[in-house]
Amino acid sequence: MIKILAFDLDGTLLKSDKSMDVRTVEAIERAKAQGMHIVIASGRDKNGCKFVYEPLELEEGPHFLALVNGQIIYDFAHKEYDLDDVLSTEDGLKIQEVCRKYNVEGIFCCGYDFYSYISRLGRLKKNVKNLVLGEPTDYGLKAGSELRNFIDLPYKDISLKQDINKVCLVHSASFFEKNIEKMKEDLKDFDVLLVGPGWMEIMPKGVSKASAIEKIAKKLGYSMENVMAFGDAENDIEMIKEAGIGVAMGNAMDSVKKVADVVTSSNDENGIGQVIDDLLEGNENLLKAGIV
């Protein structure tokens, strides 16, 4: 029986305009009223999820956040954090070498500090895009908290003093399509996840949304069989594969749809709400079979 609902944010629970569908919110409220636990499973940090968990009133019950792709768990009921493995300074240097080899921007995420590692020409191109197209040079990473800092690093070997939560690699979608397999080989000591057309994330090996949700389920007295997980990108694949019912959004990557039990409508078409409605109507076995 499904007792835990786990949601990715961007491209899943959030529509393209970064809002939540009113019908989806209503479906989640009905699930909560029936005693289900809600988990927000995101690459974001806690402050970056605040605009979602506050209107869903997750602070008022036994609900959770699986942050930074599962590296950090936050338990609302007990107001407790649980931290998994992080990247070391040695890992950071290895990743910097890959940034230079492929001429990609690397954003080293250390708590509230985001360190941008990019060539002078690359930084110049970013500034031009900012002036001409209005594209933010920090990719919106500072949004949501005055505590966040986006810091330019010099283009040479830097040993960061803080623990590194993850590293984001930024380039064009066509570049990643062409080079992703070679890059994954160069980064084989890490988990490498394509989370958007021009956005790749590097995590410590074995740290994932799936591992976090499994810990949460165990804490609540359940297993992954009691989890329904929703997602759209590569960092959602493991949790969708391991959940009792894995749901891919209609807008999900093909690799996500291949491992899902159910493919629902898109994030802009109340895809989550449709599946929750079916679940609450008692169609769990049909959902597991991918029929609904």
Side-chain angles (χ1 to χ4, degrees), residues 8-11 14 16-18 40 42-53 65 67-72 74 81 83 86-173 175-176 183 187 190 192-204 207 233 235:
D8 167 56
L9 287 186
D10 298 284
L14 299 179
S16 297
D17 64 2
K18 303 303 180 185
I40 301 299
S42 174
R44 298 170 181 244
D45 60 23
K46 186 171 182 285
N47 270 325
C49 299
K50 192 173 184 179
F51 76 106
V52 173
Y53 69 70
L65 300 174
L67 305 163
V68 195
N69 293 325
Q71 189 177 71
I72 301 170
Y74 184 73
Y81 284 96
L83 178 66
V86 295
L87 297 167
S88 67
T89 54
E90 292 78 11
D91 293 330
L93 290 171
K94 291 179 184 177
I95 296 168
Q96 282 181 309
E97 290 177 7
V98 173
C99 292
R100 285 197 295 267
K101 178 178 178 179
Y102 291 94
N103 194 25
V104 300
E105 180 176 9
I107 301 171
F108 294 74
C109 305
C110 308
Y112 287 119
D113 294 331
F114 302 91
Y115 294 91
S116 169
Y117 186 73
I118 188 173
S119 67
R120 288 182 181 180
L121 179 58
R123 201 176 305 284
L124 177 62
K125 289 179 178 179
K126 278 180 62 178
N127 290 332
V128 170
K129 284 185 177 180
N130 173 252
L131 290 171
V132 176
L133 302 175
E135 295 182 4
T137 56
D138 67 353
Y139 306 102
L141 291 170
K142 286 174 61 179
S145 174
E146 294 180 356
L147 299 174
R148 293 193 179 118
N149 301 296
F150 194 84
I151 304 161
D152 291 339
L153 288 174
Y155 204 55
K156 60 182 181 180
D157 285 349
I158 298 292
S159 295
L160 296 171
K161 302 303 181 184
Q162 304 102 308
D163 288 334
I164 304 167
N165 299 106
K166 67 177 180 179
V167 182
C168 306
L169 301 188
V170 185
H171 209 291
S172 66
F175 170 85
F176 282 124
M183 295 180 75
L187 294 164
F190 312 100
V192 180
L193 309 160
L194 192 63
V195 300
W199 195 271
M200 178 187 286
E201 295 188 350
I202 303 170
M203 294 291 298
V207 176
N235 59 340

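One is the number of the first residue; the rest follow in order along the sequence.
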ask   = Run the side chain to side chain contact (heavy atoms under 4.5 Å, CB included) check on Asp10 and Lys18 step by step: do they pass?
value = CA-CA 7 Å; Asp10 298 284; Lys18 303 303 180 185; 2.7 Å; yes

[atom1] of [X] to [atom2] of [Y]: how many Å apart, nearest 0.5 Å?
X	Y	atom1	atom2	answer
Ile164	Asp113	CD1	CG	12.0 Å
Tyr81	Leu65	OH	CG	8.0 Å
Met203	Cys168	CE	SG	9.5 Å
Asn103	Ser119	CG	OG	4.5 Å
Cys109	Arg44	SG	CZ	12.5 Å
Lys50	Ile40	NZ	CD1	15.5 Å

Would you check if [X] and [Y] make a side-chain contact, meaning some heavy-atom pair closer than 4.5 Å?
X	Y	answer
Val170	Trp199	yes
Ile158	Phe108	no
Val192	Met183	no
Leu169	Leu187	yes

If you take all heavy atoms of [X] and [Y], which pair is closest and at what distance?
X	Y	answer
Phe114	Gly111	CZ-O, 4.4 Å
Pro197	Phe176	O-CD1, 4.0 Å
Thr89	Leu160	CG2-O, 2.7 Å
Lys166	Asn69	CD-ND2, 4.2 Å
Arg148	Gly48	NH2-N, 3.0 Å

inquiry  = Taking NZ in Lys46 as the centre, count heavy atoms belonging to other residues, nucleotides or ligands within less than 6.0 Å. Is the count above 12?
reply    =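 For Lys46, atom NZ is crowded (more than 12 foreign heavy atoms under 6.0 Å).
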
key: Qualifying side chain to side chain donor-acceptor pair (under 3.5 Å) pairs, either residue in residues 125-138, two or more places apart   =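 Output for this query lists Glu105-Lys126.
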
request  = Fit a plane to each ring of Phe150 and Tyr139, take the angle between them on a 0 to 90° scale, and name the class: parallel (under 30°), tilted (30 to 60°) or perpendicular (over 60°).
outcome  =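 If you compare the ring of Phe150 with that of Tyr139, the planes turn out perpendicular.
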
message = Tell me which one of Val207, Ile95, Val167 satisfies side-chain contact (heavy atoms from CB on, under 4.5 Å) with Phe190.
response =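 When side-chain contact (heavy atoms from CB on, under 4.5 Å) is applied between Phe190 and each of Val207, Ile95, Val167, only Ile95 qualifies.
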
message = Would you say Arg100 and Tyr155 are linked by a side-chain donor-acceptor pair, where the criterion is simply a distance under 3.5 Å?
response =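 The answer is no; no qualifying pair exists.
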
key: The single option from Asn149, Asn47, Asp45 passing side chain to side chain donor-acceptor pair (under 3.5 Å) against Tyr112   =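 Result for side chain to side chain donor-acceptor pair (under 3.5 Å) with Tyr112: Asn47.
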
request  = Report yes or no: does Gln71 contribute a side-chain atom to a donor-acceptor pair with the main-chain N or O of Asn165 at less than 3.5 Å?
outcome  =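 Indeed, once roles are kept as given, a pair shorter than 3.5 Å links the two residues.
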
